Each structure stands twice: as C-alpha cells, then as structure tokens.
Amino acid sequence: MTQPMPAQSNIGDHVARRADFDWSQAREILGWPADQHNIGWYCTDRICEQGLGDKLALIWESSDGQTVKRFTYDELRQLANAYAKFFTEDLGLKPGDVCAVFLERIPELYIGILGGLKAGIVMLPMFSAFGEEALAARVGPSGAKAILTQRKLCFRVRKIREQVPDLQHVIIAEPGDLEMQDGEVHFDLAVAQPLGEFAAYPVTEESRSLLHYTSGTTGQPKGAQHVHGSLPQQALTTLWALDVRQDDIYWCTADPGWVTGVSYGVIGPWSLGITQLVMECGFIVDRWYKALQEYGVTMWYSAPTAIRLLMKEGVDKVKEYDLSKLRHLASVGEPLNPEAVVWSEQAYGIPFYDTWWQTETGAIQICNLPGMEIKAGSMGLPFPGVTATVLTDQFEPITEPGVSGQLALRPPWPSMFREYYKEPSKYESKFKNGWYLTGDRAYIDEEGYYWFKGRDDDVINTGGHLVGPFEIESALLEHEAVAESAAVAKPDDEMMEVVKAFVALKPGFEPSRKLEMQIMNFIRKKLSPLAMPQEIEFVDKLPKTRSGKIMRRLLRAKEWGEEIGDTSTLEDD
Ligand code: WT7
C-alpha cells in the first residue's frame with residue numbers, strides 16, 4: 001500500500017536523503033555544537049537554552065490513574081541537577097562509576113537517569129519485574145556502586161547484597177517508615193531540592209553512558225555498553241523515522257528496562273524538546289485508549305504484542321474513544337504481522353510503521369519511513385547512513401533477492417555498542433568479514449525491502465522481550481527436583497513466543513501438575529514473569545549431541561511443527 005507522502009514529513013524525500021547522507025552530517029543537520037556530547041545536557045540544559053524551559057517535558061500518570069504529574073523542561077533540568085549533585089557530592093560517585101536503576105515507571109526513574117548521565121555516571125536500567133537472580137546476574141558483573149530503587153523493590157535488593165560486594169549505596173525512593181539498613185539512603189523527588197546549575201561532566205563521544213544487559217544463547221546476559229556519542233543517531237531517527245514534531249504529544253510505551261524505553265523513551269524525545277507521556281501502568285486496553293484520548297497523543301511508538309491485544313478488542317472498542325489526534329504510529333521488538341498493519345489502518349486510519357533494531361545497535365537501523373511505500377510484513381529499508389545485508393553461512397553477502405541469510409550491518413554507526421562489558425571474546429564473535437552479525441535471519445526483496453524470517457540462535461522473543469535459554473536453564477537447575485532441562489520457544493498467538501521447558505527429574509521425583517506449577521513459580525520469582533515457562537514437559541532424558549550438548553533446536557522444531565533437519569550428530573539411544 002502506498003502512503004501519501006505527508007507534505008511536511010521531517011525527512012522529506014527519503015530517496016534523496018539516502019543518496020547523500022552519512023553520519024558525519026548528523027550534528028549539523030540537528031544544529032548541534034561539535035564539542036558537547038553529554039546526553040544529560042542535551043536533554044535538559046540545551047532545551048532550556050533554546051527558550052523552551054516552560055515547555056512540558058513529561059506528563060506522568062500513576063498506576064492507579066489517580067495522580068498526574070507534569071514537569072517542564074526547566075523542572076526536569078533542575079531536578080536532574082539535584083540527582084547529579086546527590087550522586088557526586090553526597091555519595092561520592094565518580095564519572096565512569098556504574099549506578100543501577102531498579103524502579104517502576106515513576107518520574108524518579110527518568111530524572112535519575114538524566115541526572116546520572118549529566119554527572120558522567122554509567123546508568124544500568126533494569127526491569128522492576130526482575131527477581132533476585134536476574135538482578136544479581138546484571139548488578140554483579142556490572143560492578144555497580146549504587147542502585148536507585150524504591151520501597152516496594154528494595155527487599156529484592158537486600159537479598160542480593162552479599163553477592164554484589166561492589167554495591168555501596170542503595171538509594172530508596174518513597175521509603176515511608178521503612179527501617180533503613182547499612183548503606184541505604186532515602187532520595188526521591190520529595191526530598192530533592194531543585195538545583196539551578198550543575199555543570200554537566202564534559203564527556204567525549206566515547207565516554208560510557210548506558211549499560212543494557214541482553215540475552216544470548218550461551219551464558220548469562222551480556223552488558224551492551226553504549227556511549228554518549230550515540231545521541232545524534234538516536235535523535236535523528238526520532239526525528240526522521242518516528243517523525244516527531246515540536247507540538248507532538250509523544251508516547252513510547254516501552255519500559256526503560258528495555259533499550260527502547262531509554263533510546264526512545266528518554267533520549268530521543270527529550271534531546272529534541274518533545275513533550276512525552278509516561279504511563280506507570282502496564283498494558284490495560286481501556287487505560288491505554290483513555291490515555292491516547294485524554295492527553296491527545298499524536299505520535300505513538302509501541303510493540304506488536306500490544307497491537308495484537310488491541311486487535312483482539314476490535315474496532316468497536318476504538319470507536320468508544322476520540323483518537324483523532326493520532327498522526328503517526330510505529331512499532332518495534334518483534335515481527336509486525338501484516339494483519340496488524342492492515343487492521344491499524346481500519347481502526348486508526350493510519351498504519352503502524354515497523355522499525356527494526358536491537359540492544360546492540362542502540363537505535364533504529366531498518367524501518368519504514370514516512371513517504372515510503374509500506375509493504376505490510378516488511379521491516380522496510382535501511383535508515384539513511386545504515387549499510388545492511390544478509391550473509392551466507394560463510395559470511396558472504398547474498399546478492400540474489402528473496403534468499404534468506406543472516407542479517408548483518410556494516411560497522412561503525414554512532415549508536416553502536418562498544419563492547420559486551422568485560423566479555424571481549426563474546427564481542428569479537430559478533431563480527432565476521434567486516435560485518436556485525438545481528439543473530440536474526442532475513443531476506444531482501446527486489447526493491448531492497450527487508451523481511452524478517454526468525455532468530456539465528458536459541459534466544460526466545462516473548463512479547464518483544466528477549467530471554468536467554470541459558471539463564472532459565474541455570475535457574476531451573478537450582479530447583480531440587482530438576483536433573484537437567486532445556487528452555488525453548490513455543491508459538492503463542494499473543495506473545496509470538498513463550499518459554500517452554502523440558503525437564504528431566506532427579507530420582508525420587510514424579511511428574512505432576514503440582515510440581516509443574518511449583519517449578520514455574522520458582523522461575524517467576526527468581527527471574528521474572530516473562531522468563532517463567534508457560535508449560536513444562538517432563539521427559540526421561542533430553543536429546544543431546546554425541547558431545548553432550550542439549551539439542552534445543554530439535555525440541556523447538558517439534559513445538560513449531562517444523563522439519564527436524566539434520567540429526568546425524570544426535571546421541572544414539
Ligand atoms: C531483537 C532485538 C528493538 C529494540 C528493542 C529490542 C527482534 C526487533 C523487530 C522487528 C522483527 C524484531 C529481533 C532483534 N526484533 N525488532 N521490527 N521485526 N523482529 O531489543 O531486546 O535487543 O531485541 O528483537 O530478533 O534481533 P532486543
């Protein structure tokens with residue numbers, strides 16, 4: 001379907017842009033100084049210097065819907081300054097130190113991240129749903145010296161403190177009458193004194209900014225290290241792909257525990273002086289539609305799982321609300337079904353524009369831009385300045401259209417991750433023949449459009465969130481009844497994939513529904529609700545290669561009704 005070119009789209013003629021753009025032009029296009037790189041400064045001081053101090057930066061609605069708070073850019077700036085001062089002067093954190101963030105979507109999460117970045121501190125965002133084991137697997141290796149948390153969640157932090165000796169400060173928001181323990185301190189917006197000036201730490205483009213942990217097939221999650229120099233790509237993709245305008249009310253539904261919630265829920269919109277909405281509540285159909293209506297959302301960045309759930313509610317539900325302000329919609333995180341694109345045109349009068357990227361890429365790489373012909377089901381074309389390809393198993397570019405291979409990108413690009421924190425060999429393994437390997441499979445059609453085929457590894461994508469099988473299997477092994485296990489993806493109508501675990505029990509344990517529920521709960525509490533297997537199949541033994549590696553692929557293929565393929569390495573019965 002061809003979309004009429006919005007007369008005033010930010011990118012204008014995308015074909016011409018592609019032809020003559022490279023990243024060295026980004027700062028000039030954005031009108032940005034060449035010698036300032038601090039993301040915290042761009043998102044606050046710079047916007048105020050432009051005379052937008054009184055403009056709304058954040059509209060926040062509490063989870064019960066009873067409280068709405070609004071912050072102008074000047075308030076954001078002064079409160080971020082208060083956090084920056086607190087981190088450095090009160091706690092003694094230094095630029096380059098790591099501060100973890102373990103908060104629900106409350107204003108302190110957003111303002112704390114900005115304050116830390118301003119002070120040159122490396123911020124490590126984590127999902128509030130993480131259980132102690134997931135928390136320890138990230139906070140520990142990151143060497144975080146401090147953690148921002150809140151009363152509700154601090155009990156989980158207390159449980160891991162012995163395992164994470166580097167952690168000196170636990171900063172608790174809304175502690176109420178909580179009895180503070182050693183190393184715990186109260187700081188939140190109720191006690192922060194707005195601070196007129198804080199000189200942003202003079203970072204370079206290569207100074208560390210954010211650490212986002214992400215899952216792979218092997219080992220525990222790896223920390224994708226980002227730098228302040230990511231900003232021009234995050235800003236330009238927000239401007240050209242998400243097509244934000246100065247008078248927009250922008251809503252990115254992602255949690256900052258996920259890279260989307262930081263790149264496009266903090267950095268992108270605020271570095272451009274845009275007003276954004278944050279809903280503390282998760283997905284609730286009526287709350288979401290009510291929010292779109294009441295706050296007059298114009299640009300909405302969401303994810304396929306949410307869109308599929310909205311589809312289930314039907315067009316009639318949409319008609320109960322006035323969503324006439326919506327101008328542009330975009331999606332990320334999983335394949336966007338063609339039906340969802342068609343449905344959104346019927347329901348909202350505009351399609352969702354798919355965008356593809358990853359924790360490691362830091363910003364959008366392949367997407368549908370305003371003015372482009374949208375082919376429902378395709379991820380679109382590489383963003384200007386991005387060189388992509390698909391590779392054979394020998395890592396050679398495939399030139400024939402329609403042939404699937406491993407999706408790869410030509411490094412470098414500004415928002416690219418600079419390392420897997422303290423795991424140089426894992427980082428190295430992501431590059432072959434001068435290409436960055438994404439771990440996804442895709443093909444390119446005759447017109448250069450990219451089509452997603454699936455993951456090239458065993459990582460499970462549940463509702464847009466990647467879960468590593470190793471992390472689940474390690475946690476499963478800690479259960480007294482589990483002898484060995486394999487976690488694989490199982491198809492699901494709503495979440496695309498959910499976790500299914502195959503478990504062989506230790507002698508003395510018998511399969512039962514009760515044991516299944518007990519193991520599920522064990523994982524939910526240790527890791528998170530997303531990592532929890534939705535089904536456990538008890539088996540006598542797991543299929544293994546002759547060298548003893550569990551063949552997850554075989555188990556996965558069975559779940560998906562696919563050909564099992566080559567099993568010649570399978571262990572004999
Ligand atoms: C993986 C990255 C995107 C930033 C947040 C997630 C899958 C992402 C799409 C899309 C099909 C997609 C890929 C990718 N994915 N976007 N538009 N179509 N698949 O970052 O947690 O690092 O996940 O999500 O498999 O590699 P992430």
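Just follow the structure's listing: the first ligand is 1, and inside any ligand the first atom is 1. Every value quoted in this text rests on a predicted model; they were computed, and no experiment measured them.
For atom 21 (O) of ligand 1, the nearest protein heavy atom (residue, atom name, distance) is Leu466 CG, 3.4 Å. Scanning the protein for heavy atoms near atom 6 (C) of ligand 1, the closest one is Trp258 NE1, 3.4 Å.
The shortest N or O to N or O distance between Gly333 and ligand 1 is under 3.5 Å. Considering backbone and side-chain atoms together, Gln358 places an N or O closer than 3.5 Å to an N or O of ligand 1.
Between Trp357 and Tyr264, the gap from one ring centroid to the other is short of 6.0 Å. Here His212 and Phe417 keep their ring centres 6.0 angstrom or further from each other.
In terms of modelled atom types and a separation under 3.5 Å, the side chain of Glu535 and the main chain of Pro533 share no donor-acceptor contact.
Note on ligand 1: Leu336 sits outside its first shell, no heavy atom being nearer than 4.0 Å. Under the 4.0 angstrom criterion for non-hydrogen atoms, Pro335 is in contact with ligand 1.
Figure legend: cation-pi geometry between Arg156 and Phe130 absent, as NZ or CZ is not positioned both under 6.0 Å from the six-membered ring centre and within 45° of its axis. For the pair Lys375 and Tyr449, the distance from NZ or CZ to the six-membered ring centre is under 6.0 Å and the angle to the ring normal is within 45 degrees.
Contact annotation: for Thr359 versus ligand 1, heavy atoms closer than 4.0 Å belong to both the backbone and the side chain. Under 4.0 Å from ligand 1, heavy atoms of Trp357 appear from its side chain as well as its backbone.
Classified by interplanar angle (parallel below 30°, tilted 30° to 60°, perpendicular above 60°), the ring pair Phe383/Trp23 is parallel.
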